[in-house]
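To start, the structure itself, in structure tokens.
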Amino acid sequence: MLAEFLQYLFTGITIGATYALIALGFTLIYNASHVINFAQGEFLMIGGMATVSLTAMGVPMIIAVVLAVVLAGILGIALQRFAIAPAKQADVVTLIIITIGASIFIRGIAQLVWGKEYHVMQNFSTDQPIEVFGAVLNSQSLWVLGVGAILVVALVLFFTKTLIGKAILATSMNKEAARLVGIRTQMVLMLAFMVSALLGSVAGIVVAPITFTSYDIGIILGLKGFVAAAIGGLGSGVGAVVGGLSLGIVEAMAAGYISSDYKDAVAFSMILLVLFFMPRGLFGAKVVERV
Amino acid sequence: MTALVEVKGLDKAFGGVHAVEGVSFSVEAGQVYSVIGPNGAGKTTLFNLITGLYTPTKGEILLNGESTAKLEPNELAERGMCRTFQQMQICMNMTAIENVMLGRHLQLRSSLFTTLFRLPSLRRNEAAARKRAAELMEYVGCGEYLDTDASAMSYGALKRLEIARALAAEPRVILLDEPAAGLNAVETAALEDLIRKIADQGTTVMLVEHDMKLVMGISDRLLVLNYGRVLAEGSPEEIRQNPDVIAAYLGG
Amino acid sequence: MFKTVIRRAGKCAVVAAAGLMMMSAQAAEPIKIGSFLSVTGPASFLGDPELKTLEMYVEKINEEGGVLGRQLELIHYDDVGNASSARNFASRLIRSDRVDIIVGGSTTGATMAAVPLIQQAKVPLISLAGAVVITTPVKEWVFKTPQTDRMAAERILTDMKERGITRFGLISGTGGFGSSGRTQTLEVAEQMGMEVVADVTYSGSDTDMTAQLTNIRNTSGVEAVLNFGFGQGPAIVTRNYAQLGMELPFYQSHGVASDSFLELAGASAEGLRLPASPLLVPDSLPEDDPQKEVVQNYKAEYEARWDSKVSTFGAYAYDGLMLAVRAIEEAGSTDPEAVREALENIDGYVGVTGVFNMSPEDHNGLDPDSFRILEVQDGEWKLIK
Amino acid sequence: MLNNLMQSRLRGLVILALILLILPVFLGNPFHYELVTQMAIIAATVVGLNLLVGFAGQISLGHAGFFGLGAYFTGIATGTYGWPSVPALVVGAIVVGFIAWIVGRPILRLKGHYLSMATLAVGFIIAIILNNERALTGGPDGMPVPAFEVFGWELSAFGSYSLFGIDIEGFQAWYIFASVVLLVAVWFALNLIESPIGRALRSVHGSEVAASVVGVNTAKYKSLVFVISAVYASLMGSLYAHFQGFITPAVASFEFSILFITMVVLGGMGSTFGVILGAVVLKLLPQVLADFQELEHVMFGLILMLTMIFMPKGLLPTLTIFFSKRMRRKAGGEA
């Protein structure tokens with residue numbers, strides 16, 4: 001019984017950590033620019049695919065990872081600079097469509113460059129699973145959790161200790177005021193997209209040994225990340241982490257205990273339930289409408 | 001005369017901060033009743049409470065003797081209360097006259113069936129509503145804008161448009177939140193005439209306004225708020241001579 | 001204003017018309033082979049090798065002088081794994097491109113979406129998709145080259161039974177292939193007196209199936225596990241299976257019969273069995289096997305041309321094209337009815353997938369023995385029987 | 001000016017009717033007819049969606065769910081249970097409208113991205129149910145749908161008919177049928193927008209607060225427009241199912257929902273004729289791009305992105321502004 005429960009929990013936490021990292025990326029961009037970036041999943045794909053293809057070309061793993069992350073960062077900046085920034089007076093929905101267009105485009109390019117096959121990435125450490133109270137844990141799960149935790153801590157430090165982080169926060173709260181105190185808001189937005197892309201690509205790399213990777217892996221993971229961010233409350237970092245983990249765990253528990261046919265439906269019902277009682281997600285900011 | 005709007009011990013706190021605290025007063029039908037006070041005194045919050053946009057933390061509001069506690073803004077509108085906003089609420093996705101015709105919403109109930117097939121009855125009612133709306137726009141002084149997109153109108157014109165929309169609902173009491181803000185002297189004078197005209201036709205007017213000359217000129221009674229509390233209440237003459245008000249406004 | 005509207009409308013109409021015209025460029029001479037495949041999208045691992053195969057053999061046949069002295073022209077569209085666009089492209093092939101025969105439909109959904117159209121337009125279709133519903137009941141104009149999923153289920157369950165297994169756990173994908181395979185497996189199991197004690201599913205986009213497998217593992221009486229699905233899902237299932245340390249005999253369906261599956265699943269695939277065409281083990285076939293030469297040739301030609309491993313899916317397209325060519329040759333024309341009849345009377349065509357013997361009652365023409373049972377040993381496919 | 005406004009409404013409709021009337025001249029073969037027929041059905045769906053998105057300002061990323069429900073209701077009722085088409089269509093629309101009403105009440109309290117998330121979830125749940133209930137829906141491989149029939153008279157894209165003494169083919173008959181449906185759908189939408197109900201809907205977008213203080217029950221109107229757009233989707237889903245002859249759960253998929261909303265945004269939110277243009281463009285584009293093979297998706301993404309960046313208001317509104325500006329400049333030059 002316990003072993004079974006633990007097994008579902010491990011599964012849920014691992015995949016949930018991935019959702020959380022993607023959700024954090026959403027949150028970052030949402031905070032800085034109020035854009036829901038449907039291309040978020042593509043950062044994840046770029047991370048995984050670039051690393052796999054570079055290592056296949058004989059580049060050492062570490063360097064491949066760094067190059068992949070840099071590539072994703074550049075892509076993030078490009079996305080902001082060439083797709084989001086020019087669409088100044090665009091509506092929220094219009095921006096969503098732009099990011100959807102961007103994700104189709106990026107995916108198309110990735111398919112041309114890397115082909116359509118799924119690719120394997122080796123576990124970072126041993127292939128031998130770890131046993132805990134009769135449940136088994138893939139060693140890569142620890143990597144996902146560890147890297148996820150480090151990234152979360154780094155993000156917190158980034159936003160509270162560094163000037164750039166504070167500038168992003170200030171811009172997210174009030175763009176005009178930030179500009180008045182001398183923050184170059186366009187620069188800050190670009191940075192936000194870049195950091196978000198870095199997050200996504202790292203997530204894509206650590207999770208690739210578990211999920212495999214391919215040019216279209218970003219679609220569903222990106223979507224789940226959006227779901228996680230919405231559960232947690234858009235714009236809340238804590239919310240993204242909690243939302244991601246709880247989505248992952250609910251999925252795993254539903255698959256194990258309720259019905260594997262309807263596990264995704266269970267997850268989506270959970271969102272409806274959360275939003276029904278908390279219209280701004282678990283940790284979303286409460287906004288009093290000013291009139 | 002009975003009180004049209006009666007406010008009893010009203011309290012509104014936002015996360016522990018009292019924006020309005022222990023406010024009581026009553027407005028009688030036909031009056032021009034103004035609420036004044038420095039910025040942040042809680043005037044707009046008071047209006048938001050009265051019109052049902054906020055729920056009071058404590059206290060009660062009676063409209064024509066009926067408690068408004070469970071009523072939504074639209075239900076208050078059905079009972080004859082309408083308002084304008086300090087930060088204008090104009091539907092920028094419509095033309096000017098459509099905004100005013102929106103004000104006639106309650107008078108224009110039509111079934112979905114009638115609407116989908118655009119039956120003659122609907123066309124008749126629409127034509128009448130349009131005529132009335134045009135009259136009102138003329139009345140408030142923005143008659144030249146009729147089919148202009150609201151987004152293309154000047155600030156002053158929009159202010160008047162908002163009043164026309166509120167009037168279109170044929171309210172018994174109309175709440176105007178800083179109608180003169182951002183208007184020049186000529187426009188303000190026109191506004192004063194307008195408010196007087198509205199009051200003369202028997203509509204009760206509640207007013208939040210900073211322009212003292214305007215307020216003192218047209219109000220029957222005044223309520224002075226300071227830090228959410230009532231500082232004074234009375235006729236313009238009484239207020240002018242109230243030492244607390246003088247201290248608050250002049251001595252700071 | 002009125003003028004602009006009219007002018008704008010006019011422009012729209014012209015643009016639309018130009019767009020439509022572009023799509024109907026006509027040519028009279030060559031024999032037109034139409035094809036709609038899932039070259040991109042979730043089923044691209046089917047459509048991609050299928051298209052490559054069609055392209056390369058159409059070229060080859062043309063170099064060798066074509067069919068009936070006419071060149072072949074391949075007209076192809078990508079349905080992205082979406083059934084509605086499959087139907088639309090089928091319509092475009094028939095009504096706009098006016099093809100003589102269609103080889104295609106990578107997935108059952110895509111094929112079935114086009115079937116009503118095909119039946120009414122009376123153009124022969126050779127489908128490359130697996131489910132039994134495509135040819136059972138028989139549809140006059142619809143043929144298919146892969147073995148049915150029912151045959152696969154029969155083959156797997158027979159093998160289980162021979163190993164003394166009667167109770168097994170079933171895990172399947174919720175996509176068309178897995179879902180249909182699941183239904184067939186349940187039916188066949190009942191017929192053969194076997195019991196499916198656990199029955200779980202995963203969706204095509206799932207990235208971890210540990211929860212489902214744990215569920216099976218904790219069901220008492222499970223003697224073996226069968227996974228029916230395709231895409232990357234079964235590879236993840238295989239790896240999770242190994243991670244959970246499950247030791248029961250493990251079966252996969254023919255949906256993963258390709259070398260790329262071995263690459264993805266790695267060492268965790270060790271010992272699993274599946275039914276597949278002999279394409280994966282051409283050299284292990286006995287010399288007297290009639291398929292040996294065809295299989296070896298296809299494998300060699302494909303790998304030389306595309307520099308990538310063959311898959312059994314590409315072979316479905318090979319057989320589809322060759323059946324079409326043979327039928328046209330035997331009919332002596334591209335008259336649809338004549339071609340259809342010739343297809344229906346194909347007898348003893350030796351293909352990569354198996355030996356085809358069509359009849360008015362059987363538009364697939366394969367028997368379950370065309371499936372060989374393979375086992376993964378030392379990271380390679382081994383022929384068991 | 002009132003007369004003008006009236007005329008401009010009907011003028012658009014008349015122009016649309018004229019286009020539909022002369023379009024057959026350009027249609028070279030039955031496939032073209034089919035494509036245009038599909039465009040008309042999809043266009044009518046997005047005209048309904050536009051009432052929700054463009055006019056009432058509520059985002060829906062799950063609209064294909066209702067379209068799919070309508071399609072499957074028709075498929076199951078006519079195919080499995082042998083109902084005639086029209087009752088199936090009507091009952092389906094009522095059922096879907098009711099479902100939309102039940103679902104809509106709680107989720108329409110949500111705003112912006114949360115509403116889009118909730119509608120996305122609803123759409124997904126519907127798609128998952130259609131996918132999993134194999135006994136009823138045939139599962140992921142889909143189900144066949146009989147031809148549209150009224151009193152035993154079948155409208156099949158493959159039949160031949162005689163209408164008022166003129167012989168027409170099935171695909172032409174469907175084209176005429178779909179054209180009429182589209183015109184009626186547009187007429188209803190236009191009537192709705194230019195009415196007290198329509199103003200109430202638009203005011204929910206313009207300023208919910210303003211709407212409520214003049215007596216508009218915003219919750220009720222949001223619900224109403226949600227139901228109306230769902231009914232549009234259901235009816236069109238039913239017709240689509242009959243026309244296609246075969247449906248799979250893809251008709252209720254997230255991708256389809258995204259396609260619908262993209263048609264609305266690309267064509268021009270809040271412009272009834274704009275969204276029709278959006279539907280035409282997005283239906284035509286894959287057919288045109290199909291010839292580019294490998295580059296198809298790259299080009300599609302790029303076109304989508306660039307159009308939205310440079311025409312954020314959508315195709316038709318932007319083009320209208322562009323042409324009227326040029327007209328004005330020309331007029332100024334001549335004067």
Side-chain angles (χ1 to χ4, degrees), chain A residues 30 34 36 38-39 82-112 219-220 223 226-227 229-231 233-235 259 261-272 275-276 278-281 284 287 289 291, chain D residues 53-54 57 59-62 103 106-107 109-129 131-134 207-210 213 254-255 258 261-262 264-266 269 294-314:
Chain A
Y30 179 79
H34 283 254
I36 288 290
F38 268 83
F82 298 115
I84 305 295
K88 279 186 215 81
Q89 359 99 306
D91 209 89
V92 186
V93 204
T94 309
L95 284 169
I96 289 184
I97 306 290
I98 291 176
T99 61
I100 289 174
S103 80
I104 296 173
F105 176 70
I106 296 170
R107 214 151 52 225
I109 298 279
Q111 181 206 313
L112 283 181
I219 306 177
I220 196 74
L223 190 66
F226 175 33
V227 170
I231 294 175
L234 290 170
S259 152
D261 271 356
Y262 279 101
K263 78 174 168 43
D264 285 333
V266 171
F268 282 112
S269 308
M270 179 179 89
I271 302 159
L272 288 178
L275 291 181
F276 183 72
M278 303 171 112
R280 294 189 162 264
V287 178
E289 223 167 308
V291 283
Chain D
V53 179
I59 310 173
S60 171
L61 297 185
V103 184
I107 68 172
R109 294 185 309 141
L110 302 169
K111 293 201 192 323
H113 296 306
Y114 292 100
L115 177 64
S116 58
M117 183 80 252
T119 50
L120 182 152
V122 170
F124 254 103
I125 292 172
I126 291 172
I128 291 170
I129 293 173
N131 197 58
N132 281 336
E133 292 308 312
R134 300 172 186 90
S207 164
E208 221 172 295
V209 183
V213 297
F254 178 61
E255 290 75 24
I258 292 290
I261 194 93
T262 308
V264 171
V265 178
L266 187 83
M269 273 191 285
E294 291 273 281
L295 284 174
E296 183 181 337
H297 303 289
V298 179
M299 289 181 63
F300 183 78
L302 201 63
I303 291 172
L304 195 58
M305 222 174 11
L306 293 179
T307 316
M308 289 329 307
I309 290 171
F310 294 109
M311 302 182 169
K313 297 265 168 269

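Note on naming: letters A, B, ... go to the chains in the order of the sequence lines (proteins, then strands), and numbering restarts at 1 for each one. The figures here come from the full heavy-atom set of this structure, side chains too, leaving out hydrogens, waters and symmetry mates.
- Put simply, CG on L302(D) and CD1 on I106(A) are 11.5 Å apart, with the number rounded to the nearest 0.5 Å.
- Minimum interatomic distance between Q111(A) and E294(D) (heavy atoms only, all atoms of both residues): NE2-OE2, 4.0 Å.
- Here the straight-line distance linking atom CG of L61(D) with atom CG of L223(A) works out to 9.5 Å at 0.5 Å rounding.
- With hydrogens and angles disregarded, no donor-acceptor distance shorter than 3.5 Å links the side chain of D261(A) to the backbone of N132(D).
- Per-residue counts of heavy-atom pairs under 4.5 Å with chain D were compared for P279(A), A87(A), S103(A), P86(A); the largest is that of P279(A).
- Among I125(D), V103(D), L115(D), the residue with the largest count of heavy-atom pairs under 4.5 Å with chain A is I125(D).
- With respect to chain A, the highest number of heavy-atom pairs below 4.5 Å among H297(D), M308(D), M117(D) belongs to M117(D).
- In this pair, F254(D) and F38(A) present their aromatic rings parallel. The plane angle is below 30°, not in the 30 to 60° band.
- Interface remark: I109(A) contributes backbone and side-chain atoms alike to the contact with chain D (heavy atom separation under 4.5 Å).
- Closest of all the heavy-atom pairs between S116(D) and F226(A) is OG-CZ, 4.3 Å.
- With a 4.5 angstrom heavy-atom cutoff, M299(D) does not touch chain A via any of its atoms.
- Inter-residue side-chain proximity for I129(D) and Y262(A) is flagged as met; some heavy-atom pair is nearer than 4.5 Å.
- Of the two parts of I96(A), only the side chain, counted from C-beta on, holds a non-hydrogen atom closer than 4.5 Å to a non-hydrogen atom of chain D.
- If you take CZ on F105(A) and CG on L304(D), they are separated by 12.0 Å, rounding to the nearest 0.5 Å.
- Side-chain contact between I261(D) and V93(A) is present, with at least one heavy-atom pair separated by less than 4.5 Å.
- Atom CE in M305(D) sits 12.5 Å away from atom CD1 in I100(A) (nearest 0.5 Å).
- Of the atoms belonging to L110(D), it is side-chain heavy atoms, and not backbone ones, that fall under 4.5 Å from chain A.
- With a 4.5 angstrom heavy-atom cutoff, I271(A) touches chain D only via side-chain atoms.
- With a 4.5 angstrom heavy-atom cutoff, I84(A) does not touch chain D via any of its atoms.
- Residues L272(A) and V122(D) are in side-chain contact: their nearest non-hydrogen atoms beyond the backbone lie under 4.5 Å apart.
- Of the two parts of V227(A), the backbone and the side chain both hold a non-hydrogen atom closer than 4.5 Å to a non-hydrogen atom of chain D.
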Yes or no on side-chain contact (heavy atoms from CB on, under 4.5 Å) for L112(A) and L295(D), after CA distance, side-chain angles and deciding distance? CA-CA 8 Å; L112(A) 283 181; L295(D) 284 174; 3.5 Å; yes
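- Put simply, the side chain of R109(D) gets close to the backbone of F276(A): a donor and an acceptor are under 3.5 Å apart.
- In this structure, the portions of D264(A) lying under 4.5 Å from any heavy atom of chain D include both its backbone and its side chain.
- Ranked by heavy-atom pairs under 4.5 Å with chain D, the list I104(A), I97(A), D91(A), V266(A) is led by I97(A).
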